[in-house]
Amino acid sequence: VATAATAAAAAAADCTLPTTLEQRQFTNLSDPLYAPDNPNAGRMVQVSFGASGYTLAILGTDLQLHGIYRYTRLAPHTAEIEMTEAHPAGAARYTLLLTCQSDRQGRFIYTQHDGPIAPRQRQNSGHWTLQP
């Protein structure tokens, strides 16, 4: 008997994350439930990747942040992006763990290891969409 979890795992196995992020663009939406460890709840960002750097635009604001990244595909349907961002208040270091639900969208877990906005270490999740 298949459960919802096994059905979701089977669906995830049928999708593939890109082998590189160079010249790719994601739109990410943080989960909307505010919590003290999710001060950016409901925020939508657009991330444009180059060879080793990226630009993150916080949609609905004029703020654009720049940083460097390292992308590692851990399995066809799972990847990790290690990011270091030049935030105006100080550098932020975080990772995004990506899982796909289709070849163009899925879920992410955001883990901030250090950053200028409290709390300095935090974790939240959301949805990503890969632009065509």
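For this chain, numbers begin at 1 and follow the sequence in order. Source: prediction; values computed, not measured. Computed over heavy atoms, backbone and side chain alike; hydrogens, waters and symmetry mates excluded.
Under the side-chain contact (heavy atoms from CB on, under 4.5 Å) criterion, Ala41 pairs with Tyr34, Asn38, not counting sequence neighbours. Remark: Ala75 engages His77, Thr78 in a side-chain contact (heavy atoms from CB on, under 4.5 Å) (not counting sequence neighbours). Applying the side chain to side chain donor-acceptor pair (under 3.5 Å) test to Thr129 and every residue at least two apart in sequence or in another chain returns nothing. Under the rule for a salt bridge (Lys or Arg N to Asp or Glu O under 4.0 Å), the partners of Asp114 that lie at least two apart in sequence or sit in another chain are Arg120. Under the ring-ring contact (aromatic ring centres under 6.0 Å, His included) criterion, Tyr69 pairs with Phe49, not counting sequence neighbours. Considering only residues two or more places apart in sequence or on other chains, Tyr110 meets the ring-ring contact (aromatic ring centres under 6.0 Å, His included) condition with Tyr94.
Cluster partners of Ile109, using a side-chain heavy-atom cutoff of under 4.5 Å among ILVMFWY residues and allowing indirect links, are Leu74, Leu97.
Note: Leu98 CG to Phe108 CZ = 9.0 Å, rounded to the nearest 0.5 Å. To the nearest 0.5 Å, atoms CG (Asn28) and OG (Ser125) are separated by 11.5 Å.
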Sequence neighbours left out, cut at 3.5 Å: what donor-acceptor pairs do the side chains of residues 59-67 make with other protein atoms?
from	atom 1	to	atom 2	distance (Å)
Thr61	OG1	Ile58	O	2.8
Thr61	OG1	Leu63	N	3.0
His66	ND1	Thr55	OG1	3.1

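Checked by atom type and distance alone, the side chain of Asp103 pairs as donor or acceptor with a backbone atom of Thr16 at under 3.5 Å.
The salt bridge (charged side-chain N to carboxylate O under 4.0 Å, His left out) contacts involving residues 86-96 comprise nothing, where partners must be two or more places apart or lie in separate chains. Screening residues 63-90 for salt bridge (charged side-chain N to carboxylate O under 4.0 Å, His left out), with sequence neighbours left out, gives Arg70-Glu82. Sorted by first and then second residue, the pairs that involve residues 19-35 and meet salt bridge (charged side-chain N to carboxylate O under 4.0 Å, His left out), not counting sequence neighbours, are Asp31-Arg107. The ring-ring contact (aromatic ring centres under 6.0 Å, His included) pairs that include a residue from residues 113-132 are Phe26-Trp128, where partners are two or more places apart or lie in different chains.
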